[in-house]
Amino acid sequence: MTSAPARRDEPVSLSAALASFDELWSPRIVTSVNDYDVRVAKVEGEHVWHVHDHTDEFFLVLEGELSIALREPAGERTVVLPKGSVCTVPRGTEHKPYAPAGASILLFEPTGTLTVGDRHDEIPAHVDATTGHALD
(Lines give C-alpha, C1' and ligand atoms only; values in the text may rest on other atoms or scores of the structure.)
Protein backbone atom coordinates (compact mmCIF):
# COMPACT_ATOMS: atom_id res chain seq x y z
CA MET A 1 0.00 0.00 0.00
CA THR A 2 1.39 3.36 -1.00
CA SER A 3 -0.37 6.55 -0.10
CA ALA A 4 0.06 10.24 0.36
CA PRO A 5 0.89 11.67 3.78
CA ALA A 6 -1.56 13.55 5.96
CA ARG A 7 -2.03 17.30 5.46
CA ARG A 8 1.33 19.02 5.20
CA ASP A 9 0.26 22.11 7.13
CA GLU A 10 -0.46 20.20 10.36
CA PRO A 11 2.17 19.21 12.95
CA VAL A 12 3.27 15.58 13.01
CA SER A 13 4.75 14.05 16.15
CA LEU A 14 7.55 11.74 15.04
CA SER A 15 7.34 9.75 18.28
CA ALA A 16 3.58 9.27 17.77
CA ALA A 17 4.16 8.31 14.14
CA LEU A 18 6.73 5.70 15.17
CA ALA A 19 4.42 4.39 17.91
CA SER A 20 1.63 3.82 15.36
CA PHE A 21 3.26 0.77 13.73
CA ASP A 22 5.51 -2.17 14.57
CA GLU A 23 6.75 -3.39 11.18
CA LEU A 24 10.50 -3.22 10.60
CA TRP A 25 12.06 -1.86 7.39
CA SER A 26 8.60 -0.58 6.36
CA PRO A 27 8.67 3.25 6.28
CA ARG A 28 5.71 5.52 6.88
CA ILE A 29 5.33 8.83 5.07
CA VAL A 30 4.93 11.61 7.65
CA THR A 31 4.90 14.56 5.25
CA SER A 32 6.20 15.75 1.91
CA VAL A 33 8.34 18.68 0.82
CA ASN A 34 8.03 19.62 -2.84
CA ASP A 35 8.59 16.29 -4.63
CA TYR A 36 10.20 14.56 -1.64
CA ASP A 37 8.78 12.25 1.02
CA VAL A 38 9.82 12.46 4.65
CA ARG A 39 9.58 8.91 5.99
CA VAL A 40 10.13 7.32 9.39
CA ALA A 41 11.00 3.68 9.90
CA LYS A 42 11.85 1.22 12.62
CA VAL A 43 14.80 -0.94 11.69
CA GLU A 44 16.60 -3.90 13.20
CA GLY A 45 18.94 -6.46 11.68
CA GLU A 46 20.09 -6.05 8.08
CA HIS A 47 18.44 -4.45 5.07
CA VAL A 48 19.66 -5.48 1.61
CA TRP A 49 22.55 -4.32 -0.58
CA HIS A 50 21.02 -1.86 -3.03
CA VAL A 51 21.67 1.18 -5.22
CA HIS A 52 19.62 4.27 -6.00
CA ASP A 53 20.81 5.21 -9.49
CA HIS A 54 19.17 8.65 -9.69
CA THR A 55 18.96 10.01 -6.16
CA ASP A 56 20.92 10.43 -2.97
CA GLU A 57 19.46 8.89 0.22
CA PHE A 58 19.36 10.91 3.45
CA PHE A 59 19.34 9.20 6.87
CA LEU A 60 18.73 10.78 10.31
CA VAL A 61 18.90 8.52 13.36
CA LEU A 62 16.14 9.39 15.83
CA GLU A 63 16.80 6.56 18.31
CA GLY A 64 19.43 3.85 18.60
CA GLU A 65 22.34 3.42 16.23
CA LEU A 66 22.40 2.72 12.48
CA SER A 67 25.34 1.42 10.48
CA ILE A 68 25.57 1.73 6.72
CA ALA A 69 27.95 -0.49 4.77
CA LEU A 70 29.14 1.22 1.58
CA ARG A 71 30.80 -0.23 -1.50
CA GLU A 72 32.86 2.53 -3.08
CA PRO A 73 35.59 2.59 -5.76
CA ALA A 74 38.24 2.63 -3.01
CA GLY A 75 36.68 -0.41 -1.31
CA GLU A 76 34.08 -1.28 1.25
CA ARG A 77 33.64 0.70 4.47
CA THR A 78 31.03 1.22 7.15
CA VAL A 79 29.73 4.44 8.64
CA VAL A 80 28.16 4.35 12.10
CA LEU A 81 25.42 6.84 12.95
CA PRO A 82 24.54 7.27 16.63
CA LYS A 83 21.32 8.98 17.69
CA GLY A 84 21.09 12.49 16.27
CA SER A 85 23.49 11.82 13.38
CA VAL A 86 22.82 12.27 9.68
CA CYS A 87 24.41 10.76 6.60
CA THR A 88 23.71 11.08 2.90
CA VAL A 89 24.53 8.12 0.66
CA PRO A 90 25.36 9.50 -2.79
CA ARG A 91 23.39 8.27 -5.79
CA GLY A 92 24.98 5.28 -7.46
CA THR A 93 26.64 4.06 -4.24
CA GLU A 94 25.84 0.48 -3.30
CA HIS A 95 24.90 0.37 0.37
CA LYS A 96 23.29 -1.78 3.07
CA PRO A 97 21.87 -0.25 6.25
CA TYR A 98 21.82 -2.38 9.39
CA ALA A 99 21.03 -1.96 13.07
CA PRO A 100 21.93 -4.96 15.25
CA ALA A 101 20.24 -3.48 18.35
CA GLY A 102 17.46 -1.64 16.48
CA ALA A 103 16.95 2.01 15.59
CA SER A 104 14.34 4.53 14.50
CA ILE A 105 15.27 6.59 11.47
CA LEU A 106 14.00 9.42 9.30
CA LEU A 107 14.56 9.27 5.53
CA PHE A 108 14.27 12.05 2.98
CA GLU A 109 14.00 10.98 -0.66
CA PRO A 110 12.03 11.73 -3.84
CA THR A 111 8.40 10.60 -3.83
CA GLY A 112 8.13 7.17 -5.42
CA THR A 113 11.64 6.03 -4.48
CA LEU A 114 11.69 2.31 -3.67
CA THR A 115 13.21 1.30 -0.35
CA VAL A 116 15.26 -1.34 -2.18
CA GLY A 117 16.57 1.05 -4.82
CA ASP A 118 16.85 0.52 -8.54
CA ARG A 119 19.16 -2.48 -8.26
CA HIS A 120 19.38 -4.83 -5.31
CA ASP A 121 20.23 -8.28 -4.01
CA GLU A 122 17.42 -10.74 -3.37
CA ILE A 123 14.94 -9.13 -0.98
CA PRO A 124 14.59 -11.01 2.32
CA ALA A 125 11.11 -11.53 3.80
CA HIS A 126 11.71 -9.00 6.61
CA VAL A 127 12.32 -6.11 4.18
CA ASP A 128 9.32 -4.26 2.75
CA ALA A 129 9.97 -3.24 -0.88
CA THR A 130 7.77 -0.15 -0.92
CA THR A 131 7.65 3.52 -1.80
CA GLY A 132 6.32 4.19 1.71
CA HIS A 133 3.01 3.70 3.54
CA ALA A 134 0.62 6.31 4.86
CA LEU A 135 0.43 6.75 8.61
CA ASP A 136 -2.59 4.99 10.16
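Worth saying up front: this structure is predicted, and the values here are computed from it rather than measured. Just so it is clear, the values below take in all heavy atoms, side chains as well, and ignore hydrogens, waters and symmetry mates.
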Honestly curious: do Ile105 and Leu62 fall in one hydrophobic cluster under the side-chain, below-4.5 Å linking rule?
no
Quick one: do Leu60 and Val38 end up in the same hydrophobic cluster if we chain Ile, Leu, Val, Met, Phe, Trp and Tyr together by side-chain heavy atoms under 4.5 Å apart?
yes
Heavy atoms of Val12 and Val30 approach each other most closely as CG2-O, 3.5 Å
Would you indicate whether the side-chain heavy atoms of Leu24 and Val43 approach each other to under 4.5 Å?
no
Backbone N/O of Pro110 and side chain of Asp37: donor-acceptor pair under 3.5 Å:
no
If I compare all heavy atoms of Pro97 with all of His50, which pair ends up nearest, and what's the gap?
CD-CE1, 3.8 Å
Distance col, row Phe108:CZ vs Arg39:CZ, nearest 0.5 angstrom, shows 11.0 Å
Are Ile68 and Leu107 linked, directly or through other ILVMFWY residues, by side chains that come within less than 4.5 angstrom of each other?
yes
Using a 6.0 Å cut-off, check whether atom OH of Tyr36 has over 12 heavy atoms from anything other than its own residue.
no
Interatomic distance, Leu135 atom CG to Ser13 atom OG [nearest 0.5 angstrom]
10.0 Å
Indicate whether the side chain of Thr111 and that of Asp35 have a donor and an acceptor atom separated by less than 3.5 Å.
no
Rounded to the nearest 0.5 Å, what's the gap from CD on Glu109 to CG on Asp56? Could you check?
10.5 Å
Hey, is CD on Glu122 packed in by over 12 heavy atoms from elsewhere, all under 6.0 Å?
no
State, to 0.1 Å, how close Ala129 and Val116 come at their nearest heavy-atom pair, and which atoms those are.
CB-CG2, 3.9 Å
Who pairs with Asp22 by salt bridge (Lys or Arg N to Asp or Glu O under 4.0 Å), at least two apart in sequence or on another chain?
Lys42
Is the closest side-chain heavy-atom distance between Pro124 and Val48 below 4.5 Å?
yes
Do Val40 and Phe21 have side chains that get closer than 4.5 Å, going by heavy atoms?
yes
Salt-bridge contact Glu23-Arg28 (side-chain N to carboxylate O under 4.0 Å)
yes
Among Arg71, Glu57, His47, exactly one meets side-chain hydrogen bond (donor to acceptor under 3.5 Å, both in side chains) together with His95. Which residue is that?
Glu57
Can you list the residues that meet the side chain to side chain donor-acceptor pair (under 3.5 Å) rule with Asp128, with sequence neighbours excluded?
Ser26, His133
Separation of Leu81 CG from Cys87 SG (nearest 0.5 Å)
5.0 Å
Is the backbone of Glu46 close enough, under 3.5 Å, to the side chain of His126 for a donor and an acceptor to pair up by distance?
yes
Donor-acceptor pair, Thr115 side chain versus Thr130 backbone, under 3.5 Å?
yes
Looking at Asp53, is its backbone amide N or carbonyl O close enough to the side chain of Asp118 to form a donor-acceptor pair, meaning the two atoms are under 3.5 Å apart?
yes
Is there a chain of hydrophobic side chains (I, L, V, M, F, W, Y, each step under 4.5 Å between heavy atoms) that links Val89 to Val80?
no
Any idea which heavy atoms bring Val61 and Pro82 closest together, and the distance?
CB-O, 3.7 Å
